[in-house]
Number of protein chains: 2
Amino acid sequence: MTDINSKETPTRPGDEPIKSSASALPDPSLIDLIELFFFAYRDFTQDPDAILTEFGFGRAHHRVLHFVNRYPGLRVADLLEILKITKQSLARVLKQLVDKGIIEQRPGKSDRRERRLFTTAEGQKLATRLMEPQLSRITQALKSSGIESDQTSRKFLYNMINSSDHEAVLELFSRSRSKQELKG
Amino acid sequence: MTDINSKETPTRPGDEPIKSSASALPDPSLIDLIELFFFAYRDFTQDPDAILTEFGFGRAHHRVLHFVNRYPGLRVADLLEILKITKQSLARVLKQLVDKGIIEQRPGKSDRRERRLFTTAEGQKLATRLMEPQLSRITQALKSSGIESDQTSRKFLYNMINSSDHEAVLELFSRSRSKQELKG
DNA sequence: AAAATAAGTCAACATGACTGACATAAATAG
DNA sequence: CTATTTATGTCAGTCATGTTGACTTATTTT
């Protein structure tokens, strides 16, 4: 790959980087990271967006579908926490997904107020199809970025998340591994 | 930090990971990365969003302001390429930024059709303020993610970008280093 | 002089957020 | 067992930000 890491301003060994004394001027290479993050996310969403258009869905539908497919039995309240949007905002896209037979709702077994969410067979198919280009992109990016990239980039992204949400993220991930699918 | 990299399914040395034969089932830890990327971006944008509200601006204004501030003398066409939005969409937010004295336009010196974009003093102040929380977040994330994180995460993000845009990104970054500010 | 380019503008529309208020059913607490 | 809380749904209105399509103006290039 092309080397974008041209921080090779030659330094004598043991030297601290010379800060322009009065500075507080941000490191340009850190600002690059802001922009890289923007560009990466911009392109990351673009392949699924194209597919969604075929189905008359948008990015909001994708997010709901993805999380419901990955974490079957999710409650509406869980989804609101994950997506950090309002109930009214979620309601619209969720209704459309249910109406088109992508997602189905079942009352909670122990608490019948809850609506546990599940993907239908069709929903699983679509979710998988939407995941494909994103997984390819990630796989390719990890391959091109060196062997340590997986662990390191994973940690980096994790640490970019509000630490107040770290616990919730870990809990969520652990849920994807447990095969008890919290059914009904 | 909490270890989210629990890929320690013990393997005998030299072993390939055992794929469930018929599979093509995606690696769960790769799917985690999809979600980490979503969560990270969700939180990454949240601090500036709060500040922008004070000014009656939105995320779209932020993007324009950021790039104009970082790359003074940018043309409208450049901005359209960077943001990948339509001219009409840009026009609205750009007009508001100009009206509020955040950005100013000067006709190009050699081509007077062009409108070169620059931040005003006030614009620079706001751009800096919006950058601050994002830089803190990135700095903290890099620190928490190990010494190799900077180079590696930078490469990872770069490789998440469409390769067709790699050249443009590199060119852009080189522009931020050249002190000839392409004035008017 | 004609064509291409950079930018701006008008109009209509879609998506996905938001706030605020209120409704229903079911679970839990006093 | 009644009262309250909780989980969810819904109506109504608004805003921000994106889209398409058509057209104008100024300027440069051919």
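Chain identifiers are assigned alphabetically (A, B, ...) following the order of the sequence lines, protein sequences preceding nucleic acid strands; residue numbering begins at 1 within each chain. Side chains included, hydrogens not; waters and symmetry mates left out as well; all remaining heavy atoms used.
The base of D:dT6 is paired with the side chain of A:Arg113 by a donor and an acceptor separated by under 3.5 Å. Between the side chain of B:Lys87 and the base of C:dG8, at least one donor-acceptor pair of N or O atoms lies under 3.5 Å. One cannot find a donor-acceptor pair under 3.5 Å joining the base of C:dG8 and the side-chain atoms of B:Gln105.
Rounded to whole Å, the distance from CG on B:Leu117 to C1' on C:dG8 is 13 Å. Between the CG atom of B:Leu90 and the C1' atom of C:dC10 there is a distance of 17 Å, given to the nearest Å. When rounded to the nearest whole Å, the span between CZ of B:Arg116 and P of D:dA26 equals 21 Å. Whole-Å rounding puts the B:Leu79 CG to C:dG8 P distance at 11 Å. Between the CG atom of A:Asp99 and the P atom of D:dG9 there is a distance of 12 Å, rounded to whole Å. Between the P atom of C:dA27 and the CD atom of A:Glu114 lies a distance of 9 Å, rounded to the nearest Å. As a whole-Å value, the separation of A:Asp111 CG from C:dT28 P is 6 Å. If you take CD of A:Gln88 and P of C:dC22, they are 14 Å apart, rounded to a whole angstrom.
For the pair A:Asn69 (side chain) and A:Leu65 (backbone), a donor-acceptor distance under 3.5 Å is absent. The backbone N or O of A:Ser149 lies less than 3.5 Å from no partner atom in the side chain of A:Thr152, so there is not a single donor-acceptor pair.
Between A:Asp32 and B:Arg70 there is a salt bridge, since at least one side-chain N of the basic residue sits less than 4.0 Å from a carboxylate O of the acidic one. Comment: A:Asp78 does not engage A:Arg116 in a salt bridge, judged by the lack of any side-chain N to carboxylate O separation of less than 4.0 angstrom. Using a 4.0 Å cut-off between charged nitrogen and carboxylate oxygen, B:Arg75 and B:Asp111 do not count as a salt-bridge pair.
For the pair A:Ala91 and B:Arg112, nearest-nucleotide mapping onto DNA chain D gives the more 5' position to A:Ala91. Comparing B:Lys84 and A:Leu94 along DNA chain D, the residue whose closest nucleotide (by nearest heavy atom) sits nearer the 5' end is A:Leu94.
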Name the pairs: protein N/O against N/O of nucleotides 12-16 of chain C, kept only if under 3.5 Å.
{"unit_1": "C:dG16", "atom_1": "OP1", "unit_2": "A:Arg59", "atom_2": "N", "d": "2.8"}
{"unit_1": "C:dG16", "atom_1": "OP1", "unit_2": "A:Ala60", "atom_2": "N", "d": "3.2"}
{"unit_1": "C:dG16", "atom_1": "N7", "unit_2": "A:Arg92", "atom_2": "NH1", "d": "2.8"}

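The phosphate of D:dG9 (OP1 or OP2) has a side-chain N or O of A:Arg115 nearer than 4.0 angstrom. The shortest distance between the side-chain N/O atoms of B:Thr86 and the OP1/OP2 oxygens of D:dT19 is below 4.0 Å.
A:Ile138 approaches B:Phe156 most closely through the heavy-atom pair O-CE1, 4.4 Å.
Here the two rings, on B:His166 and B:Tyr158, have centers that are under 6.0 Å apart.
Picking from D:dT10, D:dG9, C:dA6 the nucleotide with the shortest atom distance to the side chain of B:Arg75 gives C:dA6.
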